[in-house]
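Sequence positions, counted from 1, serve as the residue numbers for this chain.
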Amino acid sequence: MTKGGKDKPRKPPTDGRCYLPELQGTIELEHMHRYQIARSLANELDVLDIACGEGHGTFSIAENAKSVIGLDISASAVYHAKSIYRDPRLFFRVGSATDIPLPESSVDMVTYFATTEHIGPHDRIMQELRRVLRPDGLLLISSPNMLEHSDKSGNDRLLHLKELSKDEFVELVGRYFPTTRHYGQRLSMASLIANDQSAPFRVLAQGHTQDGVSNTRYDLVIASDGELPELPNSIFEISDVPREHYFAEEAQIRATDPNEKLIHATGKQEQRSVEEDTLSKLKGALAERDEIISNLMENLLSTTSRANEVLQSKFWRSTSLSRRLSNSLRERRGRPRKIWPEKFETPKLVERILAGDTNVNLVLQDRRASSAQGVIPPFGRYGKGPDLPVVKYSQVQEDFIDYMPHETLETVVKAIAFYLPEFHPFPEYDKLPGKRSTKWANVGKAYALFAGHHQPQYPIHLGYYDLSFPEVMEEQARLARNYGVSGFAYYLYWFGGKPLMEKPLEAMRNNPNVDMPYCMIWANENWTSRWDGLDQEIQIDKDHSLEDSHAMLEYLESFMKDPRYIRVNGRPLFIVCRAHLIPDFKKTIQMWREQAKEMGLKDLYVVSPLTVDSGTPEELGLDAAIQFPPHAVDAKSVTKLVDNLEEGFQGGIYDYGDIVSKEVRKKPSAKKTFRTAMLSWDSTARWGLKASIFTDFSLTRYSQWLSANVENTVKNPDLTDDERIVFINAWNNWSEGTHLEPDQRYGYGYLDATRKVLANYDPIAAPFLRPEIPETTEAKYAICAHVHYADTWRELKELIDELPRGVVDLYVTVTSLETALTISNSMPEAHVELVDNRGRDVRPFLLTMKRIAHLNYRALCKVHGKKSAYRIDGDTIRKSTLSALIDKSAFKKFEADPSLGMLAPHQSIHKHNSTNMRHNRENVKKIARQIGVKYEDGQFIAGTMFWITPAAIEPLLKLDINDFDIERGLADATLAHAVERIFVNLVETSGFRLESF
């Protein structure tokens, strides 16, 4: 959950339809009692919770269940639930009980509590419940007892369409399920649920004893085709919390409906009067709002006109020289030039609205990059880019994140974090000049060197821990596993024939309670003050020899024989920080391999970073290369741009967002390269005014770096399953400001962002990572759909279902495992592939094109579920375009005309002009050069949804899909938008033609 309310989704309204956790009183007891019973029955079952509301109860079921889907008709409630409640077994969807968006026989248990009263067609609901339950599946359903809930109390519930009596409710369920058992529920200073047919529930009251619960306000029925589970009579209570009377529920509604007292007092006639009065007031308010908007637009036109008069004035022309000199000075200081307007223009839509045109497409200007809420600035503080509309594209929260317990996450890609064993006392510290080595004392005394600088950094989970205590490493392992980290890579410091800082490592080796796989990194470089590894200011020099290397591996023998030690293809994984510093390194590796076999090990799997001059892994004798940021990265210095920098600063400040953008597009140094993502790097604690600092760190950018690395790793055909490993720098490098361990700024956010990425790579995701494409097909056509927003799949599926079978193959790319499973379950014949959220719908389309090029389809239908959330008409555009495209009439057009290369809706076809090419022209020219075609202005298909002949755009296959930048949420000016602008040009230069619907 978020802290401080930032980026927190809006809560569902307190209107009596939905339980909220902060509501105390009778509703809390009754609601949670039912859900605790459901939780006890859900062990290892696939569960559907209908009318899940804000998700609190659904989340409680997920603690026991195999999987849980929370379904609610309210999109805002589902959005809230998705944002607040996180568990890899938990999914939330929008849907109705009368039309459940799940296939037949898809769940083991359905819970449906206190909602039938809000919906009229009860038989339709029961038919849907039967449909989605598997044979012998279990239904838990509750409904208010009309006699006790409303008739006796005189409570005319406005929100209830139809309440049932006990007999009506039991009879309704019994019509659809042969085995049922009824339970009654009411409050008696606690919530009671008891069955009146089996063992009695004995109630002891003043002056009498009674078997069974009388006067129950709710009826609860469990039902099945098979044998029912034993469900004991029970009560549920919450300790130490005062309870209010039942009428707290009515107060809940009254709080949001000031007319309710009047309605109950004067009856239905006055209710209608109040409604009519309210409607009249709303109409008046709308008319007033329209008048205000009209006045604002007229003022905008007037202001624009006056501003243009200023630009044409003699005064403005006289400032031309001063403005040029100002920009010259800015360039000398390393600052961006200011761009002065030549003319102010008012959007044509303003004049159209004032003229009464209601068919206007509006771009939501308050979502521009400069003012967007909930989205990190697309280019950070120091990057350059256009100020365009942006959309929220990441679920990562840039805020303090609280701890959340999780089940252990097994993944097809192993994430291993570098681990420093330095946080404990050892004598070598006292021998170092100035005692400048990394210790907690240095971490705590660091201070901010400029505005917004995140220093000092305080650990919050274990505090300033001492690795001499075994409990510390045990807890670190538990915390890491809780968030999906698969292992630690412990630094080994070996100098002069002996280890340094070895005591924590040896204690870990001897302590089986440290439940974490691990490997070793040999820090074989000199200890220096430079983050880039250059040998200035050497503190401890390192002499390499075969004898010393032999002794070191001998020391590691007991570690490598530990069952927890990480093996790749059966061989212990061993990382060497600086292979190029070891004379004749290939000879050293050969010695190690022979030595390992003498120890009884199969061999070693040795990796090391490559340098410009080091050669290939094969030349060095390595099994693979490894990335080691911040070493060997193209770091953009922003030192001169930082405001209020501490006087005397001699280090370097670099842009974190820029390095992420470059690293995700970097070509690996070798076919087998272990990719590494780095959190922020800030060595202020170690080097003070000589520090190296990567500023403008964000959890979003880190998660994008990690996500790109994981995708490249799972899709790399040169790697075996054992080699699918990514690294993270680091678990606990506090002295250099890069750590997954929680701190006071982001809390557990570093770990939460890591788990969000890794959760997509559960073993059940395996079929979607490198999906098998058939060698041949009988279909002449294919649909290539990209579904980022899961809730748009249903409308796509409905259209695809109308197409004739066997004529079209379906390829779907998605950005989440949940969406992949949804699509695969609802349409098993679809080829579904999980991809990184990069390049919008264009990059996934190019990826699919490369995979299916050998199938020689006559035409492909490129569609997507993009919402264009920065436009108020985004949904309308998408739906109308999809309806036009996914239609069998397209087949006839392609069959009838061999020259037809592209079909698109008429309203989607636009001419290139200075506006839509302003931010794209350079990228379009670059693409044209890369693929070897001549580009000329013409037309393009806005939204990139169309039918197209693969032969017409074959040159696009020359593009590298890794050339696409990280997602920034921009509505334009990306590589994907540039590719969009070139499709029609390719079609026409290939000798085909474009036809519009």
Side-chain angles (χ1 to χ4, degrees), residues 773 776-786 807-809 811 839 841-864 881 884-913 916-917 920-961 963 975-997:
I773 304 299
T776 60
T777 181
E778 296 181 1
K780 293 183 178 180
Y781 303 93
I783 293 176
C784 300
H786 181 62
V807 179
V808 180
D809 291 334
Y811 301 91
D841 51 288
V842 172
R843 179 177 179 268
F845 176 66
L846 297 179
L847 178 64
T848 301
M849 273 189 62
K850 292 184 179 186
R851 296 205 190 285
I852 65 175
H854 63 283
L855 295 175
N856 298 316
Y857 290 107
R858 172 65 180 93
L860 308 175
C861 181
K862 182 192 175 301
V863 291
H864 55 72
T881 303
L885 285 172
I886 305 179
D887 189 275
K888 60 185 177 182
S889 63
F891 307 148
K892 296 178 182 179
K893 292 180 180 291
F894 280 99
E895 294 293 339
D897 186 357
S899 69
L900 179 60
M902 196 174 195
L903 270 176
H906 174 74
Q907 66 270 23
S908 299
I909 303 175
H910 298 268
K911 290 185 178 180
H912 295 119
N913 57 41
N916 58 51
M917 291 297 288
N920 294 294
R921 190 170 297 281
E922 289 305 314
N923 271 335
V924 168
K925 291 180 179 178
K926 179 181 177 182
I927 292 170
R929 290 193 298 269
Q930 282 182 278
I931 64 179
V933 299
K934 182 180 179 181
Y935 169 79
E936 294 180 356
D937 277 355
Q939 300 179 104
F940 73 99
I941 313 301
T944 58
M945 292 202 283
F946 42 70
W947 280 92
I948 199 160
T949 297
I953 54 173
E954 188 175 345
L956 283 178
L957 297 183
K958 297 177 184 178
L959 292 178
D960 188 335
I961 62 168
D963 285 341
L975 186 59
H977 292 101
V979 174
E980 174 187 70
R981 303 304 198 268
I982 207 171
F983 276 111
V984 177
N985 183 269
L986 276 173
V987 168
E988 293 175 345
T989 56
S990 298
F992 293 92
R993 65 180 186 84
L994 163 67
E995 181 180 318
S996 65
F997 280 98

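Considering only heavy atoms from C-beta on, Met902 comes within 4.5 Å of Ile941 through its side chain. Looking at heavy atoms from C-beta onward, Leu975 lies in side-chain contact with Ile927 at the 4.5 angstrom threshold. Considering only heavy atoms from C-beta on, Lys893 comes within 4.5 Å of Phe997 through its side chain. The side-chain heavy atoms of Asp809 and Tyr857, taken from C-beta on, include a pair separated by under 4.5 Å. At a threshold of 4.5 Å between non-hydrogen side-chain atoms, the residues His864 and Met945 count as touching.
Nearest heavy atom pair, residue Ile886 against residue Cys861, reads CG1-SG, 4.5 Å. Nearest heavy-atom pair across Ala978 and Asn923 is CB-CB, 3.4 Å. Contact detail for Pro844 and Gly839: the closest heavy-atom pair is CD-O, 4.0 Å. In terms of heavy atoms, Met849 sits closest to Ile953 at SD-CD1, 3.6 Å. The shortest non-hydrogen separation linking Arg858 to Leu900 is NH2-O, 3.2 Å. Lys850 and Leu957 make their closest contact through CE-O, 3.1 Å (heavy atoms, listed as atom of the first residue, atom of the second, distance).
Phe894 and Trp947 have tilted rings, their planes meeting at an angle from 30° to 60° on a 0 to 90° scale.
In this structure a side-chain-to-backbone donor-acceptor pair under 3.5 Å is missing from Lys862 to Ile948. Remark: side-chain polar atoms of His912 are paired, donor with acceptor, to backbone N or O of Gly938 under 3.5 angstrom. Using a distance-only test at 3.5 Å, with no hydrogens or angles considered, no donor-acceptor pair links the side chain of Glu980 to the main chain of Ala942. A donor-acceptor pair under 3.5 Å is formed between the side chain of Thr777 and the backbone N or O of Ala779.
No more than 12 heavy atoms of other residues, nucleotides or ligands shown are found within 6.0 angstrom of CD on Glu954.
Taking CZ of Arg843 as the reference point, atom CG of Asp841 lies at 12.5 Å (rounded to 0.5 Å). Between atom CG of residue Leu846 and atom NZ of residue Lys958 there is a gap of 14.0 Å, rounded to the nearest 0.5 Å. With values rounded to the nearest 0.5 angstrom, Thr944 atom OG1 is found 10.0 Å from Arg981 atom CZ. The distance from the CG atom of Leu994 to the CG atom of Leu903 is 8.0 Å, given to the nearest 0.5 Å. Interatomic distance, CD1 of Ile852 versus CG of Leu855, reported as 6.5 Å (0.5 Å rounding).
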Test Tyr811 against Ile773 for side-chain contact (heavy atoms from CB on, under 4.5 Å), laying out the working first. CA-CA 10 Å; Tyr811 301 91; Ile773 304 299; 3.9 Å; yes

In sequence, state the C-alpha distance, the side-chain angles, and the governing distance for Ile931 and Leu986, and then conclude on side-chain contact (heavy atoms from CB on, under 4.5 Å). CA-CA 10 Å; Ile931 64 179; Leu986 276 173; 4.1 Å; yes

Please walk me through it: do Lys888 and Tyr781 pass side-chain contact (heavy atoms from CB on, under 4.5 Å)? CA-CA 11 Å; Lys888 60 185 177 182; Tyr781 303 93; over 6 Å; no

In sequence, state the C-alpha distance, the side-chain angles, and the governing distance for Arg921 and Asp937, and then conclude on side-chain contact (heavy atoms from CB on, under 4.5 Å). CA-CA 10 Å; Arg921 190 170 297 281; Asp937 277 355; 3.2 Å; yes

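Looking at Asp887 and Lys892, no side-chain N of the basic residue comes within less than 4.0 Å of a carboxylate O on the acidic one, giving no salt bridge.
Judged by distance alone, the side chains of Asn916 and Asn913 do bring a donor and an acceptor atom under 3.5 Å apart.
Note on residues 923-935: pairs passing salt bridge (charged side-chain N to carboxylate O under 4.0 Å, His left out), not counting sequence neighbours, are Lys934-Glu936.
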